[in-house]
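Numbers restart at 1 for each chain; the letters A, B, ... are given by sequence-line order, proteins then strands. This is a predicted model, so every value here is computed, not measured.
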Amino acid sequence: MIRGKVWTFGDNINTDLMVPSEVTYASPEAQARAVFQANRPGWVNEVQRGDVLIGGRNFGMGSSRPAARSLKNVGLSCMLAESLNGLFFRNAVNFGFVAMECPGIHELFAEGQVAQVDIDNWLVTNEQTGTSLPITPIPVELRSLMMEGGVFSLLEKLGLIEPGKAKAKQ
Amino acid sequence: MGMTIAEAILARASGRAAVSPGDFVVVNVDTVVMLDTSFFKTLRKEVLKVHAPENVAVIYDHVVPAPDQAAAEAHHYGREFVKKFGIKRFHDVGPDQGISHAVVADKGYALPGTVLVCSDSHTCASGAFNTAARGIGYPDMIYALTTGKTWFQVGETVRYDLVGKLRPGVSAKDVFLHIANRFGEHAGQNIEYGGPGMSTLSMNARRTMAAMGAELSAEFVTFEPDELLINYMRERTDRSFVPVVASPDAKYRARHTIDLDQLEPLVALPDTVINNSRPISEVEGEKIDQAFIGSCANGTLDDLSEAARVVAGKHVAPGVRFLITPSSQAVLQAAAKAGYLQTLIAAGAVVTPATCGACYGGHMGVLGPNETCITASTRNFKGRMGDNTARIFMASPATVAASAIAGKIIHPGALQ
Ligand code: SF4
């Protein structure tokens, strides 16, 4: 069970907002410091490890930039949105960031409330109001990839890419 | 049960008789396209094996010619990479280089009825060739490169039937702006274009519409095959292919008819294209600092020809920077031969080599604070082309060219 404080975002939040052009080729650390600097300056200093992001429709639209990696690196434990852009979702799976769709989620939470996310039973609950919503299940193949740190560790195991340095960030 | 084009291609690629929305499929990938962005130190992994080097293309486009040392290092690394794995389809800075989706088109790498992946979101551009082409992230690209496979979750398909013919001065970009405004985003869904009006659209026009599908968050954007496509492919490749059509009883989430005759030039207001386009009359007079024509969507020879037609014998307004980036060096050369470059440069335009450059705010045309730009490229997100306070309007090449001359947003037909 994941339990975390909620940050709410609206519809059509794009990946240029998560990985601005000026840090496209910067280090993962520098990229993480620039998340949402255009639309929510200072947010990266407020977000706490374990927090949960709640998005609107079409979250993550836009480029193939590794936005999900940055959301993981700022400390978010997971995110839920009305709907996700397919490319953003692919990157989430592959970088091991838990991102899920949950129609109705935007109405369920006000910013600052606490979410309980039960991935085994695909259920999210608002701790303050006690109301719950079902999460759209993720295919089992992707779920294990997402929860076990993403695709690179799999490719390392298969001997297809060189093993990364011990605990370096992806 | 009948299948849409995307479903039929995914069924074929996954070795199944049929797939339907909601299915999770593992498919064989026919073509993998890598970019210079794949080789940056901050992202790259050391690849130990390439599944099928003959099915891989490496195309330098985002950061060309190398504007700094990090890009130069990435380019250097990539050159060693293609040598090491014997990749023949390599498009380094030079006459064969261009924005990946334009090079893939021109070289005939995207075969009808096949699966193509590339680590760039506008890969759906190759859907113009009846290809299930999808932008994927770097990790997915490495997976496809090393295993020859990838996965998809089959989405529902929205079908657009095109009828009629565009009026002069109205372009494929306006068709897209109309669809984005009227029907909004398509996250998780495929888009399928067909209908009797499709034959009136050039391959370049189809590619503009297919590329822009990324802005609707579509999974796959596919056009029906027709004679124009088959001839286009035959001129470019010896490889065999089998185009795919939708079955008559294919199931669509929705089906819309687009009457091309009825469309007018539109402009998208800053920050998003989703439900955000207006007739030009509503923004006419908005002063601009920069006008840009380029990108994988609008750097084609048709686009440069249209821009040249609009600005011929006129001059760019004082204080306006009019930048043009052809989508490939081949397009640049063809535009020179056809005389378009001479017309554009004489009118005061600055023509750059083929690059993603200004489109993503990388280099050669980055916007400063509080500037206003009108662009015929792919994205008008806040901060996309430079400073967060810059405003980016999006329109067709004709509208952008006319606005460059007027110094303000103007209907291409209103230019004196
Ligand atoms: S031209 Fe722009 S949209 Fe197209 S691939 Fe390059 S950066 Fe992406």
Novice: Any salt bridge linking B:R44 with B:E73? Criterion: basic side-chain nitrogen under 4.0 Å from a carboxylate oxygen.
Specialist: yes
Novice: Most heavy-atom pairs under 4.5 angstrom with chain A, which of B:I142, B:I136, B:V47, B:D120?
Specialist: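 Going by pairs under 4.5 Å, I would pick B:I136.
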Novice: Could you check, using the six-membered ring where one of them is a Trp, whether B:F40 and B:Y77 have ring centers closer than 6.0 angstrom?
Specialist: no
Novice: Less than 6.0 angstrom separating the ring centers of B:F152 and B:F24, yes or no?
Specialist: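 Distance test on ring centres: not under 6.0 Å, no.
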Novice: Do B:Y60 and B:H75 have ring centres separated by under 6.0 Å?
Specialist: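 Yes; B:H75 has its ring centre under 6.0 Å from that of B:Y60.
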Novice: Counting heavy-atom pairs closer than 4.5 Å to chain B, which one of A:L155, A:N14, A:N91, A:T15 comes out on top?
Specialist: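 Winner by heavy-atom pair count: A:N14.
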Novice: With a 4.5 angstrom heavy-atom cut-off, is it the side chain or the backbone of A:A26 that approaches chain B, or both, or neither?
Specialist: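 For A:A26, backbone heavy atoms alone lie under 4.5 Å from chain B.
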Novice: Under 4.5 Å from any heavy atom of chain B, what part of A:L154 do you find: side chain, backbone, both or neither?
Specialist: side chain
Novice: Please output the residues of residues 121-146 of chain A in contact with chain B, using a heavy-atom cutoff of under 4.5 Å, in numerical order.
Specialist: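 Counting heavy atoms that sit under 4.5 Å from chain B, the residues of residues 121-146 of chain A involved are A:P139, A:E141, A:L142.
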Novice: OG1/B:T42 to CD/A:E29 distance, rounded to the nearest 0.5 angstrom?
Specialist: 10.0 Å
Novice: CD of A:E107: more than 12 outside heavy atoms within 6.0 angstrom?
Specialist: no
Novice: With a 4.5 angstrom heavy-atom cut-off, could you sort out which part of A:F59 is near chain B: side chain, backbone, both or neither?
Specialist: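 A:F59 has no heavy atom closer than 4.5 Å to chain B.
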Novice: Does A:R40 pair with A:E111 as a salt bridge, N-O distance under 4.0 Å?
Specialist: yes
Novice: With only heavy atoms counted, which part of A:L160 is less than 4.5 Å from chain B, the side chain, the backbone, both or neither?
Specialist: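 Both parts, heavy atoms under 4.5 Å.
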Novice: Between B:K382 and A:N39, do the side chains contain a donor N or O and an acceptor N or O under 3.5 Å apart?
Specialist: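 No, B:K382 and A:N39 have no side-chain donor paired with an acceptor closer than 3.5 Å.
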Novice: Which atoms of B:R379 are under 4.5 Å from chain A, going by heavy atoms: the side chain, the backbone, both sets, or neither?
Specialist: side chain
Novice: Side chains of A:N94 and B:D140: do they bring a donor and an acceptor to under 3.5 Å?
Specialist: yes
